[in-house]
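These notes are about the structure you will find just below.
Note that these values count all heavy atoms, side chains included, but never hydrogens, waters or copies made by symmetry. Order of the sequence lines sets the chain letters (A, B, ...), proteins ahead of strands, with each chain counted from 1. Predicted model, so just to flag it, every value in this text is computed and none were measured.
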Protein chains: 2
Amino acid sequence: MRDILSVLQQIEPDLSKSERILAALLRDDAEFIVNAGITDVAERAGVSPPTVTRFCRRLGCDSYTAFKVQVAQVTFAGTRYLTANAASAAPHDVADSLLHQMQEAAVTTRQALDMHAVAQAADAIATAGMLTAFGAGGTSSMISDEMQNRFFRLGLRTVSITDHAMQLMQAATLKPGDVVIALSVSGRNLQMVRALEAARTYGATVIALTRPHRPVADLADITIGIDLPEGDNILRPSSSRFAFLYVTDLLATLVAMKRGDEARESLRRVKYQLSNSRDPDDKEALGD
Amino acid sequence: MRDILSVLQQIEPDLSKSERILAALLRDDAEFIVNAGITDVAERAGVSPPTVTRFCRRLGCDSYTAFKVQVAQVTFAGTRYLTANAASAAPHDVADSLLHQMQEAAVTTRQALDMHAVAQAADAIATAGMLTAFGAGGTSSMISDEMQNRFFRLGLRTVSITDHAMQLMQAATLKPGDVVIALSVSGRNLQMVRALEAARTYGATVIALTRPHRPVADLADITIGIDLPEGDNILRPSSSRFAFLYVTDLLATLVAMKRGDEARESLRRVKYQLSNSRDPDDKEALGD
DNA sequence: AACCACTATGTAAATCATTTTCATTTCGGA
DNA sequence: TCCGAAATGAAAATGATTTACATAGTGGTT
């Protein structure tokens with residue numbers, strides 16, 4: 001994902017004095033640039049219009065207009081952009097930075113998504129006899145549970161298993177037509193690989209949401225590759241959770257659409273039982 | 001969040017013939033518009049430049065350039081925008097639409113975020129004697145568990161409780177200096193309210209992530225309001241999960257920064273023990 | 001310290017895109 | 001079929017951006 005502020009960061013050392021002023025302006029008030037002409041920008045920075053044009057060229061844009069468009073894209077919805085590991089500790093900046101990281105994770109995932117594999121996976125899930133989600137470790141087990149939460153609502157027999165021994169045992173009980181969703185951020189969960197091998201032995205279909213070309217991916221019938229660079233700030237939670245959750249929602253939605261009225265009826269029942277329970281406050285819980 | 005394609009949708013009925021052609025072009029190939037001049041757009045649509053200018057004005061933009069900037073913002077990173085409940089069932093469109101919904105949820109949450117409350121909450125959590133997360137129902141219990149997952153890594157004594165009876169019992173054991181994080185999408189979980197009352201009785205600080213001006217919010221010492229409109233397509237998972245997850249990450253990051261070296265040491269230990277276990281494949285699990 | 005060469009920057013002219021003005025066309029209704 | 005209002009386009013005018021060129025600045029060399 002090419003974005004102009006990353007470019008800026010890369011070439012910043014090579015910049016001249018006037019260009020640095022412009023760089024500072026871009027960082028401090030991209031909003032202003034988006035709404036201003038080249039003359040206004042030049043004036044505010046105390047440089048001449050041609051200098052602004054040259055600055056745009058340096059950043060890889062053909063014209064000032066092209067530059068403005070690029071800036072507009074990173075200031076999406078008025079959010080200030082910050083590099084992923086900005087040193088600033090101000091809560092505002094952290095909030096903006098995390099937001100950006102999350103959006104980048106989502107967009108990157110969307111762009112790299114193999115829609116053919118997704119469609120295949122949705123088909124397999126929609127017609128599964130039994131649906132089993134395998135996950136282990138922070139992200140993977142959370143997503144595994146979330147898979148169960150999404151698919152049981154649609155009337156699918158679903159279970160989430162986040163324990164390696166239980167995964168192996170469960171795998172031994174599967175039959176052709178059953179589907180296993182394997183979740184692994186790293187793709188190198190060898191104990192899970194063993195369980196998946198067992199599942200395949202008994203004829204189950206394995207769908208993997210994981211990093212491509214890793215043991216888990218290699219073993220799957222259908223692989224939906226999710227490959228995000230890990231941030232290098234250890235204090236921040238990884239944004240891969242958002243990517244996995246996004247794909248989960250996508251699969252859930254596609255399966256729900258495929259199952260149509262059956263899914264609707266099932267969702268209605270879940271809602272009905274909830275509102276009939278002694279928990280009048282939980283009425284809105286179905287939407288979640 | 002004002003966005004040009006929502007505006008387009010609203011005024012579409014009032015549009016003239018030429019303007020409709022432009023509207024179609026905008027929807028089909030916003031990317032093109034972003035990279036083209038008014039002449040190119042006019043030519044491609046088979047209309048004259050003044051018609052394009054007038055079209056931009058209709059959409060509330062002062063000039064063609066302003067229009068282009070708006071378009072650039074919705075085509076952020078080349079993603080095709082689709083209305084939240086696009087009727088199309090094509091997997092591609094569903095994927096784009098869900099992505100957009102997710103981004104909108106995140107941006108809306110960010111914009112409405114009371115950073116003062118967030119900072120207060122981070123302070124309270126960072127210095128808590130015991131940290132207890134309460135959640136119940138699909139989203140809330142998932143986020144509750146995720147809170148535990150995020151904060152225990154930082155060396156905080158943390159537990160997630162998603163059972164109403166257990167919440168009440170746990171509340172009875174709390175002491176001043178302890179912190180409860182209450183998670184409720186609807187804000188009307190009355191059983192949770194009872195547990196929170198008990199927690200406050202014993203001197204614990206209550207932080208609520210919930211809809212403002214609802215029972216859960218009213219009872220909290222610190223309320224971080226999260227208020228998203230529910231989508232009207234029942235087949236889609238709610239995007240509020242992304243909003244809650246985002247705030248979770250924000251709190252986790254701020255607390256980690258506040259605790260600094262102590263958090264780093266704790267994270268290092270978690271990693272060390274993981275890589276020392278017989279699971280060589282789990283080395284990357286810490287990042288998650 | 002003075003000079004040279006190179007780069008950076010600004011001025012002014014030229015170009016180009018966009019907008020305005022105004023004339024023409026189109027369309028609905030009498 | 002004609003009228004009037006709205007829509008559209010042609011051409012001129014405007015205004016912004018870019019180019020060309022001149023000047024100023026900077027760093028290195030003698």
List the atom pairs, donor and acceptor, that lie under 3.5 Å between side-chain atoms in residues 33-46 of chain B and the rest of the protein, sequence neighbours left out.
residue	atom	partner	partner atom	Å
B:N35	ND2	B:E31	O	3.0
B:D40	OD2	B:G37	N	2.8
B:R44	NH1	B:D29	OD2	3.2
B:R44	NH2	B:D29	OD2	3.3

Looking at residues at least two apart in the chain, or sitting in another chain, which of them share a side-chain contact (heavy atoms from CB on, under 4.5 Å) with [X]?
X      : value
A:Q120 : A:H116, A:I222
A:A105 : A:L228, A:S239
B:A217 : B:T210, B:T223
A:A95  : B:R110, B:M115, B:Y246, B:L250

Taking only residues two or more places apart in sequence, or in another chain, which ones meet [X] in a side chain to side chain donor-acceptor pair (under 3.5 Å)?
X      : value
B:S16  : B:E19
B:D114 : none
B:S48  : B:T51

Expected list for residues 16-25 of chain A near DNA chain C, using heavy atoms below 4.0 Å, is A:S16, A:K17, A:S18
Heavy-atom contacts under 4.0 Å between residues 38-48 of chain A and DNA chain C, which residues? A:G46, A:V47, A:S48
[X] [atom1] to [N] [atom2]: how many Å, rounded?
X     : N      : atom1 : atom2 : answer
B:D62 : D:dA16 : CG    : P     : 13 Å
B:L15 : D:dA6  : CG    : C1'   : 14 Å
B:N35 : C:dA17 : CG    : C1'   : 16 Å
B:I33 : C:dA17 : CD1   : P     : 17 Å
A:F67 : D:dT17 : CZ    : P     : 12 Å

Identify, residue by residue, the members of residues 49-58 of chain B with a heavy atom below 4.0 Å from DNA chain D, and return them in order of residue number, or none. B:P50, B:T51, B:R54
Counting only heavy atoms not in B:D62, do more than 12 sit closer than 6.0 Å to its CG atom?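 For B:D62, atom CG is not crowded (no more than 12 foreign heavy atoms under 6.0 Å).
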If you measure from the Lys or Arg side-chain nitrogens to the Asp or Glu carboxylate oxygens, is any gap between B:K258 and B:D123 under 4.0 Å? yes
Salt-bridge present (B:R58, B:D14; N to O < 4.0 Å): no
